[in-house]
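A short write-up of the structure that comes next.
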Amino acid sequence: MAQQEDVFKKIVAHAKEYGFVFPSSEIYDGLSAVYDYGQNGVELKNNIKRYWWEAMTLLHENIVGIDSAIFMHPTIWKASGHVDAFNDPLIDNRDSKKRYRADVLIEDHIAKIDEKIEKEIAKARKRFGESFDEAMFRQTNGRVVELLAHREAVHTRFSEAMNDNDLDGLRQIILDEEIVDPISGTKNWTEVRQFNLMFKTEMGSTADGSMTVYLRPETAQGIFVNYLNVQKTGRMRIPFGIAQIGKAFRNEIVARQFIFRMREFEQMEMQFFVRPGSEMEWFKYWKEWRLRWHKALGLGDEKYRYHDHEKLAHYANAATDIEFQMPFGFKEVEGIHSRTNFDLSQHEKFSGKKIQYFDPELNQSYTPYVIETSIGVDRMFLSVLCSSYEEQSLEGGDARVVLHLPAALAPVKCAVMPLVRKDGLPEKAREIVDELKFDFTTHYEEKDSIGKRYRRQDAIGTPFCITVDHQTLEDNTVTLRYRDSMEQERVAIADLHKLIHSQVSLNALLRKI
Ligand code: ATP
């Protein structure tokens with residue numbers, strides 16, 4: 001684990017050094033849990049968004065997009081339940097003066113018990129070798145039985161307290177389990193309080209009566225309140241979906257793990273409107289399809305898992321997360337939720353407008369049910385970055401850091417390099433750039449030795465380097481170097497476009513889903 005944390009620190013440093021992610025307002029010592037994307041980060045991020053957008057809207061003829069405003073009528077957040085219930089339970093430690101989410105402290109504590117169980121199992125597996133029967137061991141080993149029972153007891157109390165919004169109950173678990181502050185090491189805890197995660201601001205001047213508005217904590221509500229507009233103007237027939245990419249804001253209590261948990265972040269959400277009664281079928285469809293979208297990137301199938309929710313939000317009748325193996329464990333990247341007709345019904349109630357669909361096949365009107373797919377752009381970015389990062393030792397004692405980014409997502413697709421800065425090679429290289437730049441993000445690189453230039457491109461994940469040498473002037477061929485294998489081959493300039501396109505196009509990636 002310590003080693004993984006080390007790698008994570010290096011990835012964060014790499015992201016900064018190579019223009020992917022900078023801490024926000026850095027010259028003013030930063031702003032907690034807010035980040036800026038640099039020159040390479042913005043390209044990678046835009047490519048992720050394009051991959052999502054095109055997969056959802058091009059590959060599904062019944063999904064269209066919108067771009068709704070961040071500010072919305074404040075009653076929307078009353079209707080959606082966010083004003084009353086978008087809370088996290090907060091607890092302070094009086095000695096360290098640090099603030100924590102009470103639920104996260106308990107979840108971390110449960111994870112520690114799980115680790116202990118896994119350790120016992122790993123030890124036994126080593127001891128018994130081939131003949132080890134894990135199921136039997138779990139049932140019979142005294143220590144493991146005790147740990148499992150303890151885990152179950154804590155987990156049950158925790159679920160009950162969360163379901164009942166029982167803040168004292170949460171505090172009592174922290175006290176009973178003797179959970180200490182990781183910084184001060186003490187158990188000097190305050191009461192647990194509810195903390196609303198929405199940012200508030202004022203709209204309009206006070207003279208003509210200002211109104212409290214919220215920065216949206218999710219993009220989904222912008223879709224629900226436009227359901228009728230899109231359905232009517234687009235003449236959409238159920239089932240159909242509305243997709244949106246945009247910023248969301250949450251005043252997270254504990255901001256940790258770099259861009260995993262931010263206060264300003266971006267979501268890619270799609271709400272799919274279906275006939276009541278068909279929602280489980282569509283839930284299954286989207287659960288599978290979204291995982292295929294992830295796996296098509298080739299980051300490693302074993303890095304994904306589903307986490308089905310036991311505790312459902314009051315409006316949901318099924319929910320699952322797609323988790324990705326980050327250096328700090330399996331973590332949620334995307335949520336797929338069956339939201340019933342909760343949101344549309346609430347908006348119907350609060351707005352007084354009829355929000356229904358007339359189904360010509362059934363000859364009846366109803367409030368559609370909704371399946372939501374909701375993925376964080378920044379978490380997706382982090383999963384791509386972490387799984388692509390590799391420190392490689394090379395023959396001859398050399399080393400390189402390489403980002404094995406999926407080619408379609410790479411910020412720069414190819415770099416063109418004259419071997420030397422004379423003899424007409426730079427001019428020839430420029431000619432190639434001027435041809436390729438219309439289709440691919442292309443860098444021209446002439447500074448430093450060729451080896452150093454390759455390393456710089458490896459570090460930002462450029463799939464192809466093209467080197468122009470003296471032979472190029474004679475026969476119009478160049479060396480094409482592949483990032484991952486570092487193999488080089490001689491190819492005709494005339495073939496470059498086709499070759500690069502076959503590897504880096506989004507089209508090829510979309511076909512893999
Ligand atoms: P968590 O339990 O980690 O707080 P959540 O279950 O509240 O997440 P959702 O409300 O389902 O998250 O939001 C959908 C997606 O938005 C998440 O899967 C995640 O990718 C992203 N997301 C949510 N909160 C943040 C955040 N603070 N920073 C970055 N991405 C976020």
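All values reported here derive from a predicted model rather than from experimental measurement. Counting starts at 1 for both ligands and their atoms, in listed order. Excluded from the calculations below are hydrogen atoms, water molecules and symmetry mates; all remaining heavy atoms, backbone and side chain alike, are included.
When the options Glu266, Gln267, Gln257 are ranked by their closest heavy atom to atom 16 (O) of ligand 1, first place goes to Gln267. Between the choices Phe86, Phe381, Phe265, the shortest heavy-atom distance to atom 30 (N) of ligand 1 belongs to Phe265.
Within ligand 1, the atoms closer than 4.0 Å to a non-hydrogen atom of Glu334 are 18 (O), numbered from 1 in the order shown. Distances below 4.0 Å separate heavy atoms of Glu252 from the following atoms of ligand 1: 24 (N), 26 (C), 27 (N). Which parts of ligand 1 touch Ser374 is read off a 4.0 Å heavy-atom cut-off, strictly below it: atoms 13 (O), 14 (C), 15 (C), 18 (O).
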Exercise for review: Evaluate the salt bridge (Lys or Arg N to Asp or Glu O under 4.0 Å) criterion for residues Lys45 and Glu266: first the C-alpha distance (whole Å), next the side-chain angles of each, then the deciding distance (0.1 Å), finally the verdict.
Suggested key: CA-CA 10 Å; Lys45 196 179 182 211; Glu266 212 164 351; 2.6 Å; yes
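The closest side-chain heavy-atom distance from Val213 to Trp77 is not below 4.5 Å. With a 4.5 Å cut-off on side-chain heavy atoms, Arg483 and Thr462 do not count as touching.
Taking CG from Leu409 and CG from Leu385, the interatomic distance works out to 11.5 Å, rounded to the nearest 0.5 Å.
Within a 6.0 Å radius of NZ in Lys331, other residues, nucleotides and ligands contribute more than 12 heavy atoms.
Using a non-hydrogen distance threshold of 4.0 Å, Val333 registers as a contact of ligand 1. Heavy-atom separations between His337 and ligand 1 include at least one value shorter than 4.0 Å. Heavy-atom separations between Glu218 and ligand 1 are all 4.0 Å or longer.
For Asp378, no nitrogen or oxygen atom sits less than 3.5 Å from a nitrogen or oxygen atom of ligand 1, counting backbone and side chain alike. The N/O atoms of Gly376, backbone and side chain alike, include one that comes under 3.5 Å of an N/O atom in ligand 1. For the pair Arg250 and ligand 1, the shortest N or O to N or O distance falls below 3.5 Å.
Of the protein's heavy atoms, Arg379 NH1, 3.5 Å lies nearest to atom 19 (C) of ligand 1. Regarding atom 4 (O) of ligand 1, its nearest protein heavy-atom neighbour is Arg261 NH1, 2.8 Å. Scanning the protein heavy atoms around atom 29 (C) of ligand 1, the nearest turns out to be Phe260 O, 3.3 Å. Nearest protein heavy-atom contact of atom 11 (O) of ligand 1 is Glu332 OE2, 3.5 Å. The protein heavy-atom contact nearest to atom 28 (N) of ligand 1 is Met262 N, 2.9 Å.
A salt bridge does not link Asp181 with Lys187: every distance from a Lys NZ or Arg NE/NH1/NH2 to an Asp or Glu carboxylate oxygen is 4.0 Å or more. One finds no salt bridge joining Asp88 and Arg99 here, because no Lys/Arg side-chain nitrogen approaches an Asp/Glu carboxylate oxygen to under 4.0 Å.
Nearest heavy atom pair, residue Leu299 against residue Ser383, reads CD1-O, 4.4 Å. Contact detail for Phe330 and Glu302: the closest heavy-atom pair is CZ-O, 3.9 Å.
Using modelled atom types, one finds no donor on one side chain facing an acceptor on the other under 3.5 Å when comparing Arg50 with Asn46.
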